[in-house]
Amino acid sequence: MPATIVIGLQWGDEGKGKIVDLLAENFQHVVRSQGGNNAGHTIQVGEKVFKLHLIPSGILHPGVKCYIADGTVIDLNVLKKEIETVNATHLTISPGAHVILEKHRKEDAATGKEIGTTGCGIGPCYADKMRRVGMRIGDVEDQWLKPFVRPVAPLLHEALERSELVLFEGAQGTLLDLTFGTYPYVTSSSTLAAGVLAGAGVGPTAVSDVIGVCKAYTTRVGAGPFPTEAPELDARAANEIGTTTGRLRRMGFFDAPLVRYAVKLNGVSMLALTKLDILDQWESIKICIEHDDAVPIYKKLPGWKKSTRECRSFSDLPKEARAYIEKIEELVEAPIGLISVGPKREETFYFDGE
Ligand code: IMP
Ligand code: MG
């Protein structure tokens with residue numbers, strides 16, 4: 001079956017952009033189908049760093065067709081700027097996607113503080129969609145936009161019928177899902193694998209793989225519960241600065257029960273573990289193995305205190321890093337398929353086990 005979904009298993013910023021960029025060369029189509037420019041994907045190609053908010057991370061591959069599907073909400077100013085920074089000749093935007101208006105941004109700025117929203121107007125725009133008073137891309141007259149607008153779902157159906165490979169790029173993370181996340185400290189779309197399909201208008205029988213992306217530790221931006229939060233961890237040293245808002249992210253240890261829950265909510269078939277290198281200099285590493293009334297119970301593992309940036313296979317890793325990865329795999333009940341040890345494309349390898 002020709003479709004794969006990439007989904008975040010924590011509170012966003014797991015490194016989905018990098019994983020999608022890496023996988024995209026094997027796909028003909030890459031699709032964004034929920035959320036809006038609250039997302040921020042940082043992708044490094046060589047020495048060049050790209051920051052994308054709306055356009056799928058597949059856009060950096062010239063042969064890949066990219067889509068912004070009906071379930072998204074679009075800020076036209078952000079979209080226009082982004083189109084100017086990449087080669088967007090292979091981009092299609094669906095007329096059913098909703099438009100974020102000035103009033104949505106204003107309302108979000110005025111009311112989103114308690115939740116710590118990105119202030120992009122996402123919640124108010126989705127609220128208008130639900131109230132059936134929203135404005136859609138198909139209603140917009142701007143001439144620069146017109147060449148990109150075409151219904152996305154039928155294009156995906158045709159591609160799938162031709163057995164072409166389609167990659168769905170989730171935005172935000174599982175624990176920010178409107179229904180299953182840490183409500184009310186969540187975003188306003190469904191961030192789950194099923195939500196991604198609902199936003200694209202593609203049925204689940206098209207999907208063979210769900211790749212769950214998680215960091216080797218945890219971060220969260222904005223307010224809300226975070227059981228393994230550890231203020232002693234240095235967000236700046238980990239380069240954990242929000243792509244969309246420039247906020248310093250909250251840092252914490254790996255929370256295995258939460259990731260296991262996310263694995264099940266999405267039907268994850270393979271894990272991609274990112275930012276392992278951030279742990280390189282930690283003396284010891286705590287991993288949450290269970291919760292007792294939302295209080296984490298930790299297991300302490302020894303650190304490896306050397307760089308993993310040059311490692312290109314599982315066997316290249318220090319034995320303490322291998323033990324940490326195997327512990328994660330066991331606790332979250334999903335096989336690890338990809339490991340990332342730095343921001344660059346080449347700082348990634350497929351997990352080959354022992
Ligand atoms: P909103 O999506 O702007 O309404 O914000 C709701 C919550 O989701 C806030 O805690 C945001 O920080 C968080 N959030 C939204 N998008 C992202 C993302 O792409 N990565 C991480 N957190 C996000
Ligand atoms: Mg992000």
Side-chain angles (χ1 to χ4, degrees), residues 8-16 18-19 42 44 173 175 212-221 226-241 248-260 262-263 270-292 294-354:
L9 299 181
Q10 293 155 322
W11 279 286
D13 308 309
E14 298 91 350
K16 296 179 291 295
K18 176 186 162 165
I19 301 298
T42 308
Q44 190 169 337
L175 303 171
V213 186
C214 59
K215 275 197 279 224
Y217 51 99
T218 314
T219 61
R220 172 163 205 167
V221 243
F226 184 174
T228 61
E229 185 165 21
E232 70 270 26
L233 299 177
D234 186 349
R236 237 174 255 285
N239 199 22
E240 290 292 355
I241 300 157
L248 223 48
R249 295 179 184 138
R250 297 159 65 192
M251 297 273 295
F253 297 107
F254 190 86
D255 192 327
L258 282 187
V259 173
R260 184 165 64 232
V263 160
M270 182 190 115
L271 289 179
L273 187 71
T274 61
K275 298 194 80 164
L276 183 71
D277 56 300
I278 298 300
L279 279 53
D280 283 351
Q281 298 311 326
W282 294 13
E283 275 312 322
S284 64
I285 300 163
K286 288 206 284 188
I287 178 167
C288 170
I289 54 169
E290 59 181 301
H291 293 174
D292 184 6
V295 177
I297 297 171
Y298 288 112
K299 186 178 169 63
K300 216 180 207 180
L301 297 179
W304 45 92
K305 301 274 285 177
K306 50 173 99 76
S307 173
T308 55
R309 292 283 293 265
E310 308 295 319
C311 296
R312 294 294 176 268
S313 74
F314 188 68
S315 45
D316 283 351
L317 291 170
K319 71 174 189 312
E320 295 84 357
R322 297 201 303 260
Y324 182 62
I325 292 166
E326 280 170 344
K327 191 77 202 159
I328 288 177
E329 198 175 35
E330 173 200 323
L331 289 169
V332 307
E333 296 171 12
I336 294 180
L338 262 175
I339 295 171
S340 167
V341 290
K344 294 183 182 165
R345 271 182 187 162
E346 60 271 23
E347 290 169 324
T348 323
F349 52 86
Y350 287 89
F351 180 63
D352 45 9
E354 281 280 58

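If you're wondering where the values come from, they're calculated on a predicted model, not measured in any experiment. Counting from 1, the numbers follow the sequence of the chain as shown.
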Of all the heavy-atom pairs spanning [X] and [Y], show the shortest one and how long it is.
X	Y	value
Ala238	Ile278	CB-CG2, 3.6 Å
Pro302	Glu320	O-CB, 3.7 Å
Pro296	Pro227	CG-O, 3.3 Å
Lys16	Gly8	CD-N, 3.4 Å
Asp277	Ser340	OD1-O, 4.3 Å
Leu271	Cys214	CD2-SG, 4.4 Å

Any luck finding a side-chain donor-acceptor pair between Thr228 and Lys286 under 3.5 Å? no
Please determine whether side-chain contact (heavy atoms from CB on, under 4.5 Å) holds for the pair Trp11 and Val221, giving the CA-CA distance in whole Å, both sets of side-chain angles, and the decisive distance to 0.1 Å. CA-CA 8 Å; Trp11 279 286; Val221 243; over 6 Å; no
Could you tell me whether a side-chain N or O of [X] sits under 3.5 Å from a main-chain N or O of [Y], the two making a donor and an acceptor?
X	Y	value
Tyr324	Ala216	yes
Asp234	Ala237	yes
Thr219	Arg249	no

Does atom [atom1] of [X] have more than 12 heavy-atom neighbours, drawn from other residues, nucleotides or ligands, at distances under 6.0 Å?
X	atom1	value
Glu346	CD	yes
Lys306	NZ	yes
Gln281	CD	yes

Starting from the C-alpha separation in whole Å, work towards a yes-or-no answer on side-chain contact (heavy atoms from CB on, under 4.5 Å) for Arg312 and Glu347. CA-CA 7 Å; Arg312 294 294 176 268; Glu347 290 169 324; 3.6 Å; yes
Do the charged groups of [X] and [Y] touch, with an N to O distance under 4.0 Å?
X	Y	answer
Glu229	Arg220	no
Lys275	Glu240	yes
Lys215	Glu14	no
Lys305	Asp280	no

Atom [atom1] of [X] and atom [atom2] of [Y]: how far apart are they, to the nearest 0.5 Å?
X	Y	atom1	atom2	result
Ile336	Glu330	CD1	CD	11.0 Å
Arg322	Lys319	CZ	NZ	8.5 Å
Ile325	Ile339	CD1	CD1	4.0 Å
Leu276	Thr308	CG	OG1	5.0 Å
Leu301	Ile287	CG	CD1	6.0 Å
Ile289	Asp255	CD1	CG	11.5 Å

Not counting sequence neighbours, which residues clear salt bridge (Lys or Arg N to Asp or Glu O under 4.0 Å) with Lys344? List them please. Glu47
Does the side-chain contact (heavy atoms from CB on, under 4.5 Å) test come out yes or no for Cys288 and Phe253, once each step is laid out? CA-CA 7 Å; Cys288 170; Phe253 297 107; 5.9 Å; no
Counting C-beta onward and ignoring hydrogens, is there a side-chain heavy-atom pair between Leu273 and Leu338 closer than 4.5 Å? no
So Thr348 and Lys18, do their side chains get closer than 4.5 Å, heavy atoms only? yes
Hey, what's the ring geometry for Tyr217 with Trp282, parallel, tilted or perpendicular (30° and 60° as the breaks)? tilted
Between Val259 and Phe254, does the side-chain contact (heavy atoms from CB on, under 4.5 Å) criterion hold? Intermediate values first, please. CA-CA 8 Å; Val259 173; Phe254 190 86; 3.7 Å; yes
Let me see the working for Phe351 and Phe314 under ring-ring contact (aromatic ring centres under 6.0 Å, His included), right down to the final yes or no. CA-CA 6 Å; Phe351 180 63; Phe314 188 68; 4.5 Å; yes
Not counting sequence neighbours, which residues clear ring-ring contact (aromatic ring centres under 6.0 Å, His included) with Phe349? List them please. none
